Protein chains: 2
Amino acid sequence: MRQHEALALERAVDILSCLAHPVRLAVVARLERDGAATVSTLCQELDVEQSAMSHHLRHLRDAELVIAERRGRAMRYALADAHVGHIVRDTLAHAAEDD
Amino acid sequence: MRQHEALALERAVDILSCLAHPVRLAVVARLERDGAATVSTLCQELDVEQSAMSHHLRHLRDAELVIAERRGRAMRYALADAHVGHIVRDTLAHAAEDD
DNA sequence: TTGACATATGAACAGTACATCATATGATGT
DNA sequence: ACATCATATGATGTACTGTTCATATGTCAA
């Protein structure tokens, strides 16, 4: 039980660390709003270099916040599940609130 | 509007960065569960050195996630508002879920 | 004021994360 | 097989973050 809590805390830190970067947060927010997208689409929309984007997407995949599937020669990224979207939406809502 | 969104994103990254550390997340979770506490109480309960705890609390204060008030010679820390608690609870819930 | 207690701050070092560049892999069309 | 497009990976320098130690500030009681 204590162990369980400790594990949840570790996992939560992983999730938060992963989201705690402007590009990665923007990617997740984008996927939450408009649904799945390819790497090049994300690069254009968020104005990020291909390599950098790829590294960030890897990070997001490792943390299991997004999933990827091949679409011809492109890769289509999507949120791993709705929960992630909720966390991001809540945080953004909170961030927007107290200005 | 775009500007507003960008600001919210920056602020969100600040919040997430601040929460993305085991000690700080544990502090916020503790304050969420059991209410306000002094520094020494937090140190004991979470087994963290006084100086380290103080540095982390400073971080949390700078991000306006917690507030502090004097209580004699001690300092009593509490969550800045309910929203922070929600974010943490949601994230922990999500983290605990997919095990 | 002095001493003890509670917390905060500053500096230095160690470990991590990030941006960038070069290159590799994988898929498609010819 | 080759050229091209789309994405991924590896290496490296740099900057940031966190821990620790030493010291400072602030509060209380005698």
Side-chain angles (χ1 to χ4, degrees), chain A residues 6 9-31 35-80, chain B residues 6 9-31 35-80:
Chain A
L9 225 133
E10 274 185 53
R11 170 72 180 130
V13 167
D14 281 350
I15 295 173
L16 293 168
S17 305
C18 197
L19 295 176
H21 185 286
V23 170
R24 293 193 296 267
L25 186 60
V27 165
V28 173
R30 156 63 175 79
L31 297 178
T38 65
V39 177
S40 56
T41 301
L42 293 172
C43 284
Q44 290 171 219
E45 291 188 9
L46 304 179
D47 191 33
V48 175
E49 289 290 330
Q50 181 272 318
S51 179
M53 180 60 82
S54 202
H55 279 294
H56 286 301
L57 288 171
R58 173 89 150 93
H59 203 159
L60 286 163
R61 271 176 87 172
D62 285 351
E64 297 178 336
L65 298 184
V66 305
I67 53 177
E69 65 165 353
R70 273 226 169 265
R71 271 281 184 158
R73 35 187 132 181
M75 280 288 191
R76 192 164 208 66
Y77 280 84
L79 290 190
Chain B
L9 226 132
E10 273 186 53
R11 170 73 179 131
V13 168
D14 281 350
I15 294 174
L16 293 169
S17 306
C18 198
L19 294 177
H21 184 285
V23 169
R24 293 193 296 267
L25 186 60
V27 165
V28 173
R30 157 62 175 80
L31 296 177
T38 65
V39 177
S40 55
T41 300
L42 293 173
C43 286
Q44 291 172 217
E45 291 189 8
L46 305 179
D47 191 32
V48 174
E49 289 289 329
Q50 181 271 319
S51 178
M53 179 59 83
S54 202
H55 279 295
H56 287 301
L57 287 170
R58 173 87 150 91
H59 204 160
L60 286 164
R61 272 176 85 171
D62 285 349
E64 296 178 338
L65 299 184
V66 304
I67 53 175
E69 66 165 355
R70 273 223 169 266
R71 271 279 186 160
R73 35 188 132 180
M75 280 289 190
R76 191 165 209 66
Y77 280 84
L79 291 190

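Owing to the predicted nature of the structure, the values given are computational and were not obtained by experimental measurement. These numbers come from the heavy atoms of this one structure, side chains and all, not from hydrogens, waters or symmetry mates.
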Pairs under 3.5 angstrom, nitrogen or oxygen only, protein versus nucleotides 12-14 of chain C, please.
none

Separation of C:dT7 P from B:E69 CD (nearest whole Å): 13 Å
Touch class at under 4.0 angstrom, heavy-atom based, for A:S17 against every strand present: nothing
Side-chain N,O (A:H21) to OP1/OP2 (D:dC16) below 4.0 Å: no
Nucleotide D:dT17, atom P - distance to CZ of B:R58 in whole Å: 14 Å
Separation of C:dA17 P from A:D14 CG (nearest whole Å): 10 Å
Could you tabulate the donor-acceptor pairs under 3.5 Å formed by side-chain atoms of residues 69-79 of chain A, not counting sequence neighbours?
residue : atom : partner : partner atom : Å
A:R70   : NH1  : A:R73   : O            : 3.3

Sugar-phosphate only, base, or nothing, as touched by A:R24 at under 4.0 Å among non-hydrogen atoms: sugar-phosphate
Show which side-chain atoms of residues 13-21 of chain A pair as donor or acceptor with protein atoms under 3.5 Å away, not counting sequence neighbours.
residue : atom : partner : partner atom : Å
A:S17   : OG   : A:V13   : O            : 2.6
A:H21   : ND1  : A:V23   : N            : 3.1

Output one line per pair: protein atom, nucleotide atom from nucleotides 20-23 of chain C, and distance, for all N/O pairs under 3.5 Å.
residue : atom : partner : partner atom : Å
C:dT20  : O4   : A:H55   : NE2          : 3.4
C:dC21  : N4   : A:S51   : OG           : 2.6

Nearest heavy atoms of A:A12 and B:L25, plus distance in Å: CB-CD2, 3.7 Å
Rounded distance (Å) that lies between atom P of C:dT9 and atom CG of B:L57: 11 Å
Near-strand residues of residues 40-48 of chain A, defined as heavy-atom separation under 4.0 angstrom from DNA chain C: none
C:dT16 phosphate, OP1 or OP2, under 4.0 Å from A:H59 side-chain N/O: no
Under 4.0 Å protein heavy-atom contact, by nucleotide of nucleotides 24-30 of chain C - B base, S sugar-phosphate only: --SSS--
By side chain to side chain contact (heavy atoms under 4.5 Å, CB included) - contacts of A:A80 (at least two apart): A:I67
B:L42 side chain reached by B:V48 side chain, heavy atoms, under 4.5 Å: no
Under 3.5 Å, which donor-acceptor pairs do the side chains of residues 50-60 of chain B form with other protein atoms, sequence neighbours left out?
residue : atom : partner : partner atom : Å
B:H56   : ND1  : B:R24   : NH1          : 3.1
B:R58   : NH1  : B:D62   : OD1          : 2.9
B:R58   : NH1  : B:D62   : OD2          : 3.2
B:H59   : ND1  : B:R24   : NH1          : 3.1

Helix axis bend for the helix from C:dT1-D:dA30 to C:dT30-D:dA1 - C1'-based end axes, five pairs, 10° rounding: 30°
Set of side-chain hydrogen bond (donor to acceptor under 3.5 Å, both in side chains) partners for A:E45, sequence neighbours left out: A:R30
